[in-house]
Protein chains: 2
Amino acid sequence: MPAERTRSTGSDRLRDSALAGDLSFLLARANALALAAANAALATHGLKARSYSVLALAADDVRPTQRELAEFLRLDPSQVVALVDGLEQRHLVERHADPADRRANVLVATDAGRALFARARDAVRAVGIDSLSVVPAQDQARLARLLRLLAFPD
Amino acid sequence: MPAERTRSTGSDRLRDSALAGDLSFLLARANALALAAANAALATHGLKARSYSVLALAADDVRPTQRELAEFLRLDPSQVVALVDGLEQRHLVERHADPADRRANVLVATDAGRALFARARDAVRAVGIDSLSVVPAQDQARLARLLRLLAFPD
DNA sequence: TATTGTTATACTCTATAACTATA
DNA sequence: TATAGTTATAGAGTATAACAATA
């Protein structure tokens with residue numbers, strides 16, 4: 001077994017810079033790593049983080065409108081149009097008319113969409129668990145709770 | 001005084017979705033919010049998060065090469081060229097020849113660069129403290145420590 | 001041979017405004 | 001008059017490959 005992990009690059013001294021102590025920088029770098037890992041895991045399913053997130057909310061039974069998706073995922077409504085178009089053309093999701101507001105589209109996953117999501121979710125979870133393994137087990141839930149405060153500050 | 005904070009949107013039920021429990025999603029959303037806040041604070045100084053990060057490392061005395069900047073900031077080396085070009089044209093940083101490796105450029109901030117960085121840093125810190133205020137004071141250091149594990153997993 | 005910085009290019013993502021249909 | 005979705009488009013960001021200088 002390896003006695004200790006080795007660092008991959010020779011730029012270790014940059015970690016002692018003031019920037020490396022900034023929470024915003026740590027967030028950005030952690031997100032970049034997690035995003036790359038998630039996209040790599042999703043590629044075999046023809047998804048990326050964005051389309052996976054939309055599919056996940058459609059497969060859940062929250063029946064989101066496109067406007068809600070935009071706000072929740074921090075995207076412009078016009079970007080949601082493109083994402084939903086792509087998923088709908090692959091028959092993974094459907095736009096349903098909202099009976100309460102005929103302007104709004106409610107997004108619902110098809111059976112094929114739910115099946116693909118289940119497989120993609122397993123792949124994403126596997127890399128997520130691997131990425132989280134650097135965090136002590138007893139701290140993982142606390143980290144998620146604290147991150148949630150930052151992600152939903154109101 | 002307000003009795004309690006109010007939520008800004010009507011899509012609260014999406015927060016009960018499985019996606020909202022994913023660490024990767026929380027990271028992405030927290031990062032999106034922090035990035036938007038930082039960019040807004042930096043705009044008056046003619047900087048964005050990217051250029052601010054490069055300037056910060058140049059103003060620190062770590063003397064990073066462009067290759068190190070690329071790896072540290074998770075950018076392509078060609079993007080670093082463009083960022084450094086912009087800062088150098090504004091006389092905020094200089095490319096110095098690395099005596100140890102004549103292929104490499106070491107980045108150093110000018111006096112003007114250090115002065116601008118000091119002002120920009122104060123602005124960024126102000127919004128950072130504000131964003132962090134949603135996290136209990138006794139948890140803030142722990143959050144930074146855990147995030148650092150995710151940002152630098154090796 | 002491999003690596004640093006650079007250039008060129010294509011591709012994706014993002015932001016903005018205008019339009020329609022409904023409220 | 002305001003809002004949900006759509007379209008168009010321009011700008012910013014990203015990824016890739018090739019090149020010269022140096023290791």
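What you are looking at is a predicted structure, and each value in this text was computed from that prediction instead of being measured. Proteins come first, then strands; the chains are lettered A, B, ... in the order of their sequence lines, and each starts at number 1. The figures that follow rest on heavy atoms only: side chains count, while hydrogens, waters and symmetry mates do not.
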To the nearest Å, how far apart are A/D85 CG and D/dT7 P? 7 Å

Would A/R114 and A/D61 count as a salt bridge (Lys or Arg N to Asp or Glu O under 4.0 Å) if you check the C-alpha gap in whole Å, the side-chain angles of each, and the deciding distance to 0.1 Å? CA-CA 11 Å; A/R114 291 172 201 277; A/D61 288 322; 3.7 Å; yes

Pairwise ring pair (Phe, Tyr, Trp, His ring centres under 6.0 Å) hits with a residue in residues 114-154 of chain A, at least two apart: A/Y52-A/F117, A/F72-A/F152

Can you confirm whether the side chains of A/D76 and A/S78 place a donor and an acceptor under 3.5 Å from each other? yes

A/A28: side chain to side chain contact (heavy atoms under 4.5 Å, CB included) partners, not counting sequence neighbours: B/N31

Sub-3.5 Å donor-acceptor pair from the side chain of B/Q140 to the main-chain atoms of B/V135, do we have one? yes

Contacts of type side chain to side chain contact (heavy atoms under 4.5 Å, CB included), residue A/R142, not counting sequence neighbours: A/D139, A/R145, A/L146, B/D139, B/R142

Boundaries of the chain A footprint along DNA chain C (any atom under 4.0 Å from a heavy atom): C/dT12 to C/dA23

For B/S51, give me all partners under side chain to side chain contact (heavy atoms under 4.5 Å, CB included), at least two apart in sequence or on another chain. B/L47, B/K48, B/L83, B/L87

Of A/Q66 and B/R74, the one whose nearest nucleotide on DNA chain D sits closer to the 5' end is A/Q66

By a strict heavy-atom criterion of less than 4.0 Å, which residues belonging to residues 91-106 of chain B are in contact with DNA chain C? B/R95, B/R103, B/A104, B/N105

A/L14 CG to B/L69 CG distance, which is reported to the nearest 0.5 Å: 7.0 Å

Applying salt bridge (Lys or Arg N to Asp or Glu O under 4.0 Å), name anything that partners A/R121, two or more places apart in sequence or on another chain. none

Please check: side-chain N/O of A/R74 versus main-chain N/O of B/L33, any donor-acceptor pairing under 3.5 Å? no

Taking only heavy atoms on the protein side, list every residue of residues 25-57 of chain B lying under 4.0 Å from any atom of DNA chain C, sorted numerically. none

Nearest-Å distance, CG (A/L75) to P (D/dT6)? 14 Å

For A/L69 and D/dG5, what is the distance between atoms CG and P respectively, to the nearest whole Å? 9 Å

To the nearest angstrom, how far is A/D76 atom CG from D/dT6 atom P? 13 Å

Quick one: bend of the helix from C/dT1-D/dA23 to C/dA23-D/dT1 from 5 pairs per end, to 10°? 10°

If the condition is side chain to side chain donor-acceptor pair (under 3.5 Å), which residues does A/H91 pass it with, not counting sequence neighbours? none

Which residues satisfy the salt bridge (Lys or Arg N to Asp or Glu O under 4.0 Å) test with B/E88, sequence neighbours excluded? B/R95

Run the side chain to side chain contact (heavy atoms under 4.5 Å, CB included) test against B/A104 and tell me which residues pass, sequence neighbours left out. B/T65, B/D98, B/D101

